[in-house]
Participant: 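Have a look at the structure that comes next, please.
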Amino acid sequence: MEIVLSAAIGILAASGIWLLLRPRTFQVIVGLCLLSYAVNLFIFSMGRLTVGVPPIMPQGGFVNPTLYADPLPQALVLTAIVISFATTALFLVVIIASRGLTGTDHVDGKEREG
Amino acid sequence: MIEQNLILVLAFLPFVAALATATLPENAHGAAAWVSGALLLAGLGVMAGLHGAVADGEPVRAVLRWVPSLGLNLSFRIDSFVWLFITLVLSIGILVVIYARYYLAETDPVPRFYSFLMAFTGAMICMLMSGNILMLVVFWELTSIISFLLIGYWYQGQAARDGARMALIVTASGGLCLLLSMLIIGQILGTYDLDRVLASGDLIRAHPLYPLVLVLFLLGAFTKSAQFPFHFWLPGAMAAPTPVSAFLHSATMVKAGVFLLIRFSPALGGTELWFFAVTGTGMATLLMGAVIALFRHDLKGLLAYSTISHLGLITALAGLGSSTAILAAIFHIVNHAVFKASLFMAAGIIAHETGTRDMRRLSGLMRYMPITGTLAIVASAAMAGVPLMNGFLSKEMFFAEAVDWHNGTWLDNALPWIATLASIFAVAYSLRFIAAVFFGPAPTDLPQTPHEPVAWLRLPVEALVLACLVVGVFPGLTLGPTLNLAVESVTGTTLPDYDIAIWHGINTPLLMSLGALAGGVILYFAFAQRIAEGPEGPPLLHRLRAQRLFEKGLLLLSWRVPRAVMAIIGSEKLQTQLRTIVLLAIAGVGLALWGTLQQAAEPRTNALNPSFALMWIVGAACALGAAWQAKYHRFAALTLLGGAGLVTCLTFAWFSAPDLAVTQLLVEIVTTVLLLLGLRWLPRRREEIHEDTLLPARARRLRDLIIASVAGAGIAAMAFVIMTRPLIPNIGDWFLRNAYYEAGGTNTVNVILVDFRAFDTFGEITVLAIVGLTVFALLRRFRPAPESLRDLRPEEEADAETRSLADYLLVPSVIMRWMFPPIIVISAYLFLRGHDLPGGGFSAGVTLAIGFLLQYLGHDVRWVEARLTVLPIRWMGFGLLIAGATGVAAFAFGYPFLTAHAQYVDLPLIGKVPAATALIFDTGVFSLVVGATVLMLIAIAHQSLRLSRMREHEAAEAQAKEAA
């Protein structure tokens, strides 16, 4: 499982970074989304992979923390998902506004010269 | 206890005055002066109340705990030395306020002046009272910053702006050096407490870092007190209004440096290095200041250099360090403050009444303003050190110190000569100030006809000159006891009561004084004519202007060098910038991990499940496909992006993170819709761009492909290595153990978000609100490209299309309409179970937002808005308010911000329901998420209405015209 997930993170990150370096705004926004998947999975996997033991506690009694998934990376990623949604929305608005102002969807606001 | 409270009152009074005066109207001259003066007077009352306690010999302390974990407390202490200094600051402050009331023009904005002046007084007093050396630096820098604002009060003038900037750069950089030295002292001693630092002089002096500490410390003190070679900012600061010059640049702020030297002399002084550095610099400044002062034609310039010279004198005394030298230094601080403040005010009056400060144009003013003239003559006599004046006494003590044997070095032997020489120049410039301005023929070409100023403008000068005389004639009765106490509090030893007297018999210091007086008179009368005709500065030296050098250096550092560097490594292209960032990140991580990234000895693995592998084959294909198609086939790329997101979401579900899966799924829906809405505003790209198939473009893509592959492979390797290591027990275990007992929730992830780390969540929803508002604001001003608008079809056609759309979307739209209530129920369900089971405010909020969104998708915007009013900004505002109020409510029960309380409530029929206050906080989160999401989506969706609205508007206007 670990090897599959790490390969997946790698592919998501590579696609994201490749798109980040592209000249069109839409490519960059898709790249940011892919990169945020990769980063979220990466942070999440820092709590190690466990199947079928969500961090939902019994009501009372002794709690053995090793029997549950690590809640901390999950809490961090939950926050990250919401924030990356917000940044995506902001970026989308910026690119359509920039397109309206400059007439092009090139990231520099003007087409490459020469 | 009373003393403690008095100290706190004293610390806050000036800041209260600053706030109060800041709120006054622009032209409330009288009110501002009354408020400031009254509060300063109250401060003097506090000082009177503290006198008894301070005179007992033990410092009075007050501590407010601030950051105890860092050893940072707001700790104040007042001993006799500080008491004397604060009393001086407050007294001169009151006189300056009275003076400023009549000095400032009716058009000068009042609140800015008085509130800065009061804030400065507060910073100065707190700096003096600081019992913690870090806090001392904080207030030290605060005085620099406020003095910048005060010098630049008349910011319309270039000189004021330049002077303010130069003063700030010099003194604030000195402050940074001071901070460094204080930090090193703290490291050496393990404490930042001033008392303990002062008591640990031996430890500091024995430490190998002592020279470094001393140099940094002296840089701080010398820049503030305008010692050579940092003296040049003080004349530049003369662009400030005269009350500011009188207060800051003669009496108080510049004295902060010498205050610090005297204060720290027990801790850092007593070494040969200290003697040479401090006394040497002091003597050099003393002589240089006095010489240059004689050659300045500007009244305030003369006084500024004279101030530099006197500060040098005090510095030299601090460097000598004996009890009597400290006594002389403190005495001269007081005396100089008194006569120099009065001289600045007199100079201000002269400039005010004649319109010029140039001594070559002024002459014979005695016949127009006899009273001011007399006052100025007395004050100048004090400055020159004429007997029966206060300046004479402390100068005499300085001479006595200079003559005394200290360590027999060449500098020690040279002291009497330098002191006498500088005094000759001091007498000469004092004489010039008087002779050139008040005597001689009547002035011819003055801008205004001079006359006596209003009595109130002269009153502060009268008070100060009276003080000069009283102290000068009865030193033992007036300042003697206080000075002795002050010296004891600095050196820590009981001083055999030193008798400050006018007459010690005929001895060397008296002869030096008389010699200097005679020499000065001869010097002035011999060269008066030549000085007046000469350039603004001493012969030869006037070409070498430290100020100009400073400006050149500044230009080089802040303009030429950065631009040169920018030209080499900068780029305006986003792609280049991003590529640099990615490459730097790869290089940084590579360097850090090279050779250390090893797999654990016993890798922890889960057995491979083929369906998981299959799932990710699809996911990876989606990701690669999205990357491939994002340029020409945006819609396909968006769909593929959604596919990758879905697989990510399933992965969360697979590995025990139901909360993440739910949130990811919902956010995925919203993001996709959002991007879909955005697609129509991007340019069409059906045809291949020709250049894309050329070689350079291919090379660029190949290069980026390599970079991306390397980065991806690196991330994958890191992820794999860490994932297969055994899990170290971490803070997560604590959350798991305590989620139920401490916070009354079983869903640990949600408990972390709304209880344990609620403050982070609070910050996060604030960010979300800011983003929502930014999107809204950006779109209000949005101007679409003409090309996108051209695509909007004419109204009738669009209507027909909408109708046909409504026809074939009939079934979905009915379903969507009917889905609205169920979605609300789902949202409520997710919300309520959040504390115990997967769900919570975020997911519930996004769900409800999707409910609204479906209505917008199923029908056109107008249909929805005719039936459903959503006020997203209110949702956001109330959400933020609820979350914040829940946090603040914890204060009411004596807990820190955002402490939650948890319990279960038995509801009939339903059973046990968690009712933690965290749930209220979560309501805030929920409401804000709904508001922000809906706001963004609606704002973008509304753009499509833009054109038809524009048409309607035009039509309405046309109709209105026809009607008219």
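Computation of the quantities below employed the complete heavy-atom set of this structure, encompassing side-chain atoms and omitting hydrogens, waters and symmetry-equivalent molecules. None of these values were measured; they are calculated from a predicted model. Residue numbers start from 1 in every chain, and the chains themselves are labelled A, B, ... in the order their sequence lines are given, proteins ahead of strands.
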Participant: Select one option (side chain, backbone, both, neither) describing which atoms of Ala653(B) are under 4.5 Å from chain A's heavy atoms.
Facilitator: neither
Participant: With a 4.5 Å cut-off on side-chain heavy atoms, are Leu641(B) and Tyr37(A) touching?
Facilitator: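 Result yes, sub-4.5 Å side-chain heavy-atom pair found.
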Participant: Kindly compute the distance separating CE (Met723(B)) from CD1 (Ile3(A)), expressed to the nearest 0.5 Å.
Facilitator: 8.5 Å
Participant: Nearest heavy-atom pair of Val749(B) and Pro55(A): which atoms, and what distance?
Facilitator: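 So the minimum-distance heavy-atom pair works out to CG2-CG, 3.8 Å.
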Participant: Please classify the contact of Phe842(B) with chain A as side chain, backbone, both or neither, using a heavy-atom distance under 4.5 Å.
Facilitator: side chain
Participant: What's the separation between atom CZ in Phe85(A) and atom OG1 in Thr663(B), rounded to the nearest 0.5 Å?
Facilitator: 12.5 Å
Participant: Given that the side chain runs from C-beta out, which part of Arg757(B) has a heavy atom under 4.5 Å from chain A: side chain, backbone, both or neither?
Facilitator: neither
Participant: When heavy-atom pairs shorter than 4.5 Å are enumerated against chain A, which of Ala637(B), Cys622(B), Ala644(B) gives the highest number?
Facilitator: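 That would be Ala644(B).
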Participant: Is any side-chain heavy atom of Ile11(A) closer than 4.5 Å to one of Leu624(B)?
Facilitator: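 Leu624(B) vs Ile11(A): side chains touch.
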Participant: Name the member of Asn609(B), Val767(B), Val846(B), Thr576(B) that forms the most heavy-atom pairs with chain A at distances under 4.5 Å.
Facilitator: Asn609(B)
Participant: Could you have a look at Thr104(A), Ile95(A), Ile81(A), Asn64(A) and say which one has the most heavy-atom pairs with chain B under 4.5 angstrom?
Facilitator: Ile81(A)
Participant: At a heavy-atom separation under 4.5 Å, does Val775(B) approach chain A through its side chain, its backbone, both, or neither?
Facilitator: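 Both backbone and side chain.
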Participant: Is it the side chain or the backbone of Met615(B) that comes within 4.5 Å of chain A heavy atoms, both, or neither?
Facilitator: neither
Participant: Please list, one pair per line, the donor and acceptor atoms closer than 3.5 Å that link side chains of residues 705-717 of chain B to other protein atoms, with sequence neighbours excluded.
Facilitator:
unit_1, atom_1, unit_2, atom_2, d
Ser709(B), OG, Leu705(B), O, 2.6

Participant: Under a 4.5 Å cutoff for heavy-atom pairs, which residue among Leu5(A), Thr25(A), Val30(A) has the most contacts with chain B?
Facilitator: Leu5(A)
Participant: Return the minimal non-hydrogen interatomic distance between Leu72(A) and Gly732(B), and the atom names on each side.
Facilitator: CB-CA, 4.4 Å
Participant: Is a side-chain donor or acceptor of Asn606(B) paired with a backbone partner of Thr50(A) at a separation under 3.5 angstrom?
Facilitator: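 Not a single qualifying donor-acceptor pair exists.
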Participant: Less than 4.5 Å apart, side chain to side chain, heavy atoms only: is that true for Leu682(B) and Arg24(A)?
Facilitator: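 Contact flag for Leu682(B)/Arg24(A) side chains = no.
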Participant: Do you know which of Gly109(A), Ala13(A), Ser45(A) has the most heavy-atom pairs with chain B at a distance under 4.5 angstrom?
Facilitator: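 Among the listed options, the one with the most contacts to chain B is Ser45(A).
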Participant: Of the backbone (N, CA, C, O) and the side chain (C-beta and beyond), which part of Pro726(B) lies under 4.5 Å from a heavy atom of chain A, both, or neither?
Facilitator: backbone
Participant: Out of Ala14(A), Ala38(A), Ser84(A), Gly47(A), return the one with the most heavy atom pairs under 4.5 angstrom to chain B.
Facilitator: Ala14(A)
Participant: I'd like to check Arg701(B) versus Arg22(A) (side-chain heavy atoms, cut-off strictly below 4.5 Å). Are they in contact?
Facilitator: yes
Participant: For the pair Lys631(B) and Asp105(A), find out whether any cationic side-chain nitrogen is under 4.0 Å from an anionic carboxylate oxygen.
Facilitator: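 Result for this pair is no, no salt bridge flagged.
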Participant: Quick check on the interface: out of Met718(B), Arg737(B), Gln664(B), Glu764(B), who has the most heavy-atom pairs with chain A under 4.5 Å?
Facilitator: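 Looking at each option in turn, the highest pair count goes to Glu764(B).
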Participant: Supply the atom-to-atom distance His106(A) NE2 to Gln575(B) CD, rounded to the nearest 0.5 angstrom.
Facilitator: 5.0 Å
Participant: Counting distance only, does the side-chain N/O of Ser656(B) pair as donor-acceptor with the main-chain N or O of Gly52(A) below 3.5 Å?
Facilitator: yes
Participant: Please determine whether side-chain contact (heavy atoms from CB on, under 4.5 Å) holds for the pair Val77(A) and Phe652(B), giving the CA-CA distance in whole Å, both sets of side-chain angles, and the decisive distance to 0.1 Å.
Facilitator: CA-CA 10 Å; Val77(A) 171; Phe652(B) 287 139; 4.0 Å; yes
Participant: Which of the residues Leu666(B), Leu677(B), Leu675(B), Thr671(B) is involved in the greatest number of heavy-atom pairs with chain A at under 4.5 angstrom?
Facilitator: Leu675(B)
Participant: Please walk me through it: do Val82(A) and Leu768(B) pass side-chain contact (heavy atoms from CB on, under 4.5 Å)?
Facilitator: CA-CA 8 Å; Val82(A) 178; Leu768(B) 202 59; 4.1 Å; yes
Participant: Quick one, Trp654(B) with Leu49(A), criterion side-chain contact (heavy atoms from CB on, under 4.5 Å). Give me CA distance, side-chain angles, the key distance, then yes/no.
Facilitator: CA-CA 9 Å; Trp654(B) 196 300; Leu49(A) 303 185; over 6 Å; no
Participant: Asp760(B), Asn747(B), Leu640(B): which one forms the most heavy-atom pairs within less than 4.5 Å of chain A?
Facilitator: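 Top count of heavy-atom pairs under 4.5 Å with chain A: Asn747(B).
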Participant: Working to the nearest 0.5 Å, report the span between OG1 of Thr605(B) and CE of Met1(A).
Facilitator: 11.0 Å
Participant: Please identify, among Ile83(A), Val94(A), Thr87(A), the residue contributing the most non-hydrogen atom pairs under 4.5 Å to chain B.
Facilitator: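 Option with the top pair count is Ile83(A).
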Participant: Are Asp659(B) and Gln74(A) linked by a side-chain donor-acceptor pair shorter than 3.5 Å?
Facilitator: no
Participant: Which heavy atom in Leu674(B) sits nearest to a heavy atom in Leu92(A), and how many Å separate them?
Facilitator: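 Looking at all heavy atoms of both residues, the shortest contact is O-CD2, 3.3 Å.
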Participant: When heavy-atom pairs shorter than 4.5 Å are enumerated against chain B, which of Val39(A), Leu20(A), Ile29(A), Val53(A) gives the highest number?
Facilitator: Val53(A)
Participant: At their closest point, which heavy atom of Leu574(B) faces which heavy atom of Asp108(A), and how far apart are they?
Facilitator: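 Reported closest heavy-atom pair: N-OD1, 2.8 Å.
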Participant: I'd like to verify something: which residue of Asn730(B), Ile731(B), Leu638(B), Ile765(B) has the highest number of heavy-atom pairs under 4.5 Å with chain A?
Facilitator: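 Answer, by heavy-atom pair count under 4.5 Å with chain A: Asn730(B).
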Participant: Which atom pair, heavy atoms only, marks the closest approach of Ala630(B) to Leu19(A)?
Facilitator: CB-CD2, 3.9 Å
Participant: Show your working on side-chain contact (heavy atoms from CB on, under 4.5 Å) between Arg725(B) and Arg48(A) and close with a plain yes or no.
Facilitator: CA-CA 8 Å; Arg725(B) 284 196 182 171; Arg48(A) 311 300 187 270; 3.8 Å; yes
Participant: What part of Glu668(B) is in contact with chain A, defined as an atom under 4.5 angstrom from a non-hydrogen atom: side chain, backbone, both or neither?
Facilitator: side chain
Participant: Look at the aromatic rings of Phe44(A) and Phe655(B) and report parallel, tilted or perpendicular, splitting at 30° and 60°.
Facilitator: tilted
Participant: Identify the residue among Asn750(B), Thr761(B), Leu753(B), Val662(B) that makes a side chain to side chain contact (heavy atoms under 4.5 Å, CB included) with Leu78(A).
Facilitator: Leu753(B)
Participant: What part of Leu578(B) lies closer than 4.5 angstrom to a heavy atom of chain A: side chain, backbone, both or neither?
Facilitator: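 Interface part for Leu578(B): both.
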Participant: Identify which part of Pro58(A) has an atom lying under 4.5 Å from any heavy atom of chain B, answering side chain, backbone, both or neither.
Facilitator: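 Only the backbone of Pro58(A) comes within 4.5 Å of chain B.
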Participant: Measuring from atom CD1 of Ile940(B) to atom CD1 of Ile96(A), what distance do you get when rounded to the nearest 0.5 angstrom?
Facilitator: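 If we round to the nearest 0.5 Å, Ile940(B):CD1 and Ile96(A):CD1 are 5.0 Å apart.
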Participant: To the nearest 0.5 Å, what is the distance between OG1 on Thr648(B) and CG on Leu12(A)?
Facilitator: 5.5 Å
Participant: Write down the atom of Thr651(B), the atom of Leu41(A), and the distance for their closest heavy-atom approach.
Facilitator: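 For Thr651(B) versus Leu41(A), the nearest heavy atoms are CG2-CD2, 4.1 Å.
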